[in-house]
Amino acid sequence: MTTGSENLDRLCINTVRMLAVDAIEKARSGHPGMPMGAAPMAYALWTRHLRHNPGDPLWPNRDRFVLSAGHGSMLLYALLHLTGYDLPLEELQRFRQWGSRTPGHPEHGLTPGVETTTGPLGQGLANAVGMAMAERHLAARFNRPGFPVVDHRTYVLAGDGDLMEGVCHEAASLAGHLQLGKLICLYDDNRISIEGSTDLTFTEDRGARFRSYGWQVLQVEDGNDVEAISAALREAEADHARPSLIMVRTQIGFGSPGKAGKASAHGEPLGADEVRATKLNLGWPLEPAFFIPEQALQHFRTALERGRQWQAAWEALWLDYQRTYPELAAEWNQWWQGQLPQGWDADIPAFAPDAGGLATRVASGTVLNALAGRIPYLVGGAADLEPSTKTGIRGGGDFSAHDPGGRNIHFGVREHAMGAILNGMALHGGLLPFGATFLVFSNYMLPPVRLAALMGLHVIYVFTHDSIGLGEDGPTHQPVEQLASLRAIPGLTVLRPADANETAEAWRVAVQSWGPVALVLTRQNVPVLDRTHYAPASGVARGAYVLKDPAGATPAAILLATGSEVHVALEAAQGLEADGIPTRVVSMPSWELFERQSEEYRRAVLPPGITRRVAIEAGSPLGWHRYVGPHGTVVGMEDFGASAPAAGAAGRGGSR
């Protein structure tokens with residue numbers, strides 16, 4: 001015998017299902033299967049466990065919800081509308097249409113309540129690991145006895161595809177190692193992928209896998225059993241020492257007589273006849289489309305009052321905290337707003353001229369520590385390469401299960417997860433994260449770098465060992481195409497400084513950036529230029545600048561270069577001038593910054609009338625022709641490198 005509450009639960013769950021079905025049918029595009037199957041677990045979470053305030057989606061102490069299976073976006077949009085976020089029904093009716101706030105996959109910054117952009121599978125789960133790490137770090141920094149001002153959970157809804165992706169393995173392994181007890185993943189275990197049953201490819205014991213990572217693993221055999229799901233969530237929330245995976249056995253496309261449990265339910269509309277059959281099967285009105293029962297809406301909208309009460313209680317606690325710990329409260333506000341402290345750049349060194357030189361990775365380590373001493377919310381680490389990338393914060397401590405206040409994060413050999421975790425930390429708020437690896441391994445983390453650019457996240461990447469100049473490690477470690485790949489990402493600012501002082505200025509740019517920044521640095525020593533003879537390194541902020549002009553003559557040729565090749569350009573300019581060709585040398589550390597300058601400035605640096613131009617860079621020449629023009633040429637890498645000593649190389653770079 002069913003109770004009134006059970007009937008209400010079923011009504012609310014079917015409301016979510018049918019909003020998704022109707023939106024996808026109207027758009028003639030989308031993924032109905034996952035919302036139909038996972039609606040009960042999402043309902044249980046959102047109405048009984050998730051602490052959020054639809055009236056203020058940015059309340060700092062809210063629980064975070066990540067839909068890692070981003071193709072099920074209509075599940076999230078339905079929940080957002082029903083619980084009272086600023087997402088009108090008209091937006092659900094415009095699903096996947098131009099200019100709507102309900103795109104095919106959730107986009108952070110576009111739709112209120114969407115915590116991160118998801119769709120590339122596995123990224124959301126790894127983002128959630130970063131969010132949970134940020135919560136732990138901020139709690140260690142700011143919480144005091146009786147004042148848990150940072151105290152929230154991160155929930156994820158993931159599917160089979162998420163768990164198949166390699167980034168999920170990497171991130172889940174690290175999450176277990178770090179004992180992120182406030183991370184809880186609901187696993188939509190429907191065992192169907194686009195090609196059919198997951199028996200085709202995915203037969204390992206997923207529960208055993210996560211247990212081996214150090215996770216608590218719980219199982220719910222009936223994906224429609226709201227009480228069992230809620231009980232599992234309570235058990236997960238009670239375990240503070242382990243992240244939790246709740247394996248919920250569901251049926252994709254639940255309720256559809258013709259498509260439930262089939263791969264055809266995954267990524268295509270049900271079709272008019274099947275929509276009708278599904279509504280009849282679930283006892284749902286055939287008309288109108290987008291029907292929302294008043295009783296269901298009232299129940300969902302209680303989230304508004306609960307959210308107001310939760311936030312009001314937190315704000316009262318925060319007021320007491322401000323009175324009790326005014327200095328910490330001021331620091332919190334600064335961290336949360338991303339405000340740079342007064343004098344944040346006061347310790348950035350000016351490097352003395354040195355013909356013997358300094359590797360820009362080494363200069364970067366010096367600058368990073370100067371900044372870290374002034375910007376306490378600057379945190380990060382490397383993919384098991386800190387001794388080589390020089391990205392350790394001296395005295396910062398190591399982030400660990402037992403010391404989450406540490407500022408040095410050891411990601412292990414996990415570039416892909418590192419990139420996605422950095423995104424999660426930036427999305428959480430309150431921190432400026434950075435991560436480091438060799439430039440050649442940026443390939444392993446391009447998906448999260450792309451998503452950081454798409455979301456406009458303030459993340460800093462430190463990519464060292466930037467050319468064939470690393471020598472003996474050979475072509476497996478000598479980057480050729482990576483600079484071109486990074487420059488092709490819209491919204492990513494790439495800087496390849498020529499010497500130690502340009503490196504300092506590059507960090508200055510990175511810290512003040514509005515989006516992600518990649519710093520590309522040498523392993524080998526390069527001369528520190530004498531700025532009494534050359535233009536100031538502050539020109540880095542404009543992307544390109546005239547480093548040297550011929551004395552007493554109008555330039556007849558221009559040499560453009562980045563990084564270590566700027567010094568090659570300077571030597572070449574001397575030779576050209578000895579042959580009677582007055583030559584300008586342009587240091588061009590950042591194409592992106594240069595393109596943001598006025599046309600007047602760009603024409604002043606690269607006068608259209610000077611057509612004899614040569615670009616020099618130890619990488620793919622792709623893209624340089626826009627600057628050298630039809631009469632210029634590019635000296636770059638058309639092939640991979642080789643394993644041999646490199647002239648000028650110094651130090652033991654470390655390799656894999």
> Looking only at atom types and distance, does a side-chain atom of His108 sit under 3.5 Å from a main-chain N or O of Val114, one as donor and one as acceptor?
Replying inline: yes
Indicate yes or no for a side-chain donor-acceptor contact from Trp335 to the backbone of Leu431 under 3.5 Å, with no hydrogens or angles considered. no
*Given Ile409 and Ile421, is the side-chain contact (heavy atoms from CB on, under 4.5 Å) satisfied, shown in steps?*
CA-CA 11 Å; Ile409 302 173; Ile421 287 169; over 6 Å; no
Taken in chain and number order and not counting sequence neighbours, the residues that satisfy side chain to side chain donor-acceptor pair (under 3.5 Å) with Ser212 are none
- Please walk me through it: do Trp310 and Asn53 pass side-chain contact (heavy atoms from CB on, under 4.5 Å)? CA-CA 8 Å; Trp310 282 327; Asn53 181 6; over 6 Å; no
- Query: Considering only heavy atoms from C-beta outward, does the side chain of Leu121 approach that of Ser68 to under 4.5 Å?
  - Reply: no
Q) Hey, are the side chains of Ile348 and Leu371 touching, using non-hydrogen atoms and a 4.5 Å cut-off? A) yes
_When you compare the side chain of His31 with that of His266, does any pair of heavy atoms fall below 4.5 Å?_
yes
Taken to the nearest 0.5 Å, the spacing of Cys185 SG from Gln216 CD works out to 13.0 Å
**Message:** Under 4.0 Å between a side-chain nitrogen and a carboxylate oxygen: does that hold for Asp189 and Arg206?
**Reply:** yes
Sorted by chain and residue number, the salt bridge (Lys or Arg N to Asp or Glu O under 4.0 Å) partners of Asp151 (sequence neighbours excluded) come out as Lys182
Is the number of heavy atoms from other residues, nucleotides or ligands within 6.0 Å of CD (Gln337) greater than 12? yes
The reported gap from OH in Tyr444 to CE in Met418 (rounded to nearest 0.5 angstrom) is 12.5 Å
Result for side chain to side chain contact (heavy atoms under 4.5 Å, CB included) between Cys168 and one of Val129, Leu125, Asp162 points to Leu125
message = Quick check against the 3.5 Å criterion: does Arg407 have a side-chain atom that pairs as donor or acceptor with the backbone of Leu378?
response = yes
Q.
Between Glu135 and Arg64 (salt bridge meaning N to carboxylate O under 4.0 Å), is one present in this structure?
A. no
Those residues at least two apart in sequence (or on a different chain) that pass salt bridge (Lys or Arg N to Asp or Glu O under 4.0 Å) with Arg308 are Glu305
Q) Within a strict 4.5 Å, meaning less than it, do heavy atoms of the Tyr43 and Arg17 side chains meet? A) no
Indicate yes or no: at least one non-hydrogen side-chain atom of Gln123 is less than 4.5 angstrom from one of His416. yes
Heavy atoms from other residues, nucleotides or ligands near CD1 of Ile194 exceed 12 (cutoff 6.0 Å) = no
Taken to the nearest 0.5 Å, the spacing of Arg141 CZ from Leu138 CG works out to 10.0 Å
>> Between Thr83 (side chain only) and Leu79 (backbone N and O only), is there a donor and an acceptor less than 3.5 Å apart?
In response: yes
For Asp345, the salt bridge (Lys or Arg N to Asp or Glu O under 4.0 Å) test, sequence neighbours excluded, returns Arg508
Between His52 and Tyr85, what is the ring plane arrangement, given parallel below 30°, perpendicular above 60°, and tilted in between? parallel
Go through Arg136 and Phe399 one step at a time and tell me if the side-chain contact (heavy atoms from CB on, under 4.5 Å) criterion holds.
CA-CA 10 Å; Arg136 286 283 301 276; Phe399 184 100; 4.3 Å; yes
Candidate pair Gln482 and Ser442, rule side-chain hydrogen bond (donor to acceptor under 3.5 Å, both in side chains), full reasoning: CA-CA 7 Å; Gln482 282 73 20; Ser442 65; 5.5 Å; no
Of all heavy-atom pairs linking Leu218 and Ala232, the shortest is CD1-O, 3.4 Å
_Side-chain (Glu386) to main-chain (Gly392) donor-acceptor, under 3.5 angstrom_ = yes
dist Arg374:CZ -> Asn369:CG (nearest 0.5 Å) comes out at 14.0 Å
Residues 453-463 vs side chain to side chain donor-acceptor pair (under 3.5 Å), sequence neighbours excluded, gives none
With sequence neighbours left out, the residues meeting salt bridge (Lys or Arg N to Asp or Glu O under 4.0 Å) with Asp239 are Arg242
* Determine whether the aromatic ring centres of Trp318 and Trp332 lie less than 6.0 Å apart. => yes
Exercise. Are the ring centres of Phe65 and His49 closer than 6.0 Å?
Worked result: no
Tightest non-hydrogen contact, residues Met34 and Leu67, listed as CE-CD1, 3.6 Å
What one should report as the nearest heavy-atom pair of Met41 and Asp188 is CE-CA, 3.8 Å
Ignoring hydrogens and geometry, is there a side-chain-to-backbone donor-acceptor pair from Trp215 to Ala172 under 3.5 Å? yes
Separation between OG1 (Thr391) and CZ (Arg361), nearest 0.5 Å, reads 11.0 Å
message = Measuring only between side-chain heavy atoms, which start at C-beta, is Glu170 closer than 4.5 Å to Phe411?
response = no
Shortest non-hydrogen pair, Leu157 vs Ala42, comes out as CD1-CB, 4.4 Å
Exercise. Would you kindly say whether Ser193 and Asp160 are connected by a side-chain donor-acceptor distance under 3.5 Å?
Key: no
Looking only at heavy atoms, the pair that brings Leu439 and Asp466 closest together is CD2-O, 3.6 Å
message: Would you say Glu237 and Tyr155 are linked by a side-chain donor-acceptor pair, where the criterion is simply a distance under 3.5 Å?
response: yes
Would you say the side-chain atoms of Tyr325 pair up with the backbone N or O of Asn143, donor to acceptor, closer than 3.5 Å?
no
*asked:* Within the 4.5 Å heavy-atom criterion, are Leu233 and Ser244 side-chain neighbours or not?
replied: no
Practice task
Please check if the side chain of Asn423 supplies one atom and the backbone of Pro448 the other of a donor-acceptor pair under 3.5 Å.
Solution key: yes
query = Yes or no on side-chain contact (heavy atoms from CB on, under 4.5 Å) for Leu328 and Tyr321, after CA distance, side-chain angles and deciding distance?
reply = CA-CA 9 Å; Leu328 275 175; Tyr321 183 86; 3.4 Å; yes
Quick one: does any side-chain atom of Asp63 pair with a main-chain N or O of Arg153 as donor and acceptor, under 3.5 Å? yes
Between Ala510 and Val517 the two heavy atoms that sit nearest each other are CB-CG1, 3.8 Å
Q) Hey, is the main chain of Gly397 close enough, under 3.5 Å, to the side chain of Asn408 for a donor-acceptor pair? A) yes
How about Glu195: does its CD atom have over 12 heavy atoms from other parts shown lying under 6.0 Å from it? no
Subject >> Within the 6.0 Å centroid threshold, strictly below: His428 and His152 >> reply: yes
Interatomic distance, CG@Asp320 vs CZ@Phe147, rounded to 0.5 Å, equals 5.5 Å
Does a side-chain heavy-atom distance below 4.5 Å link Arg414 with His169? no
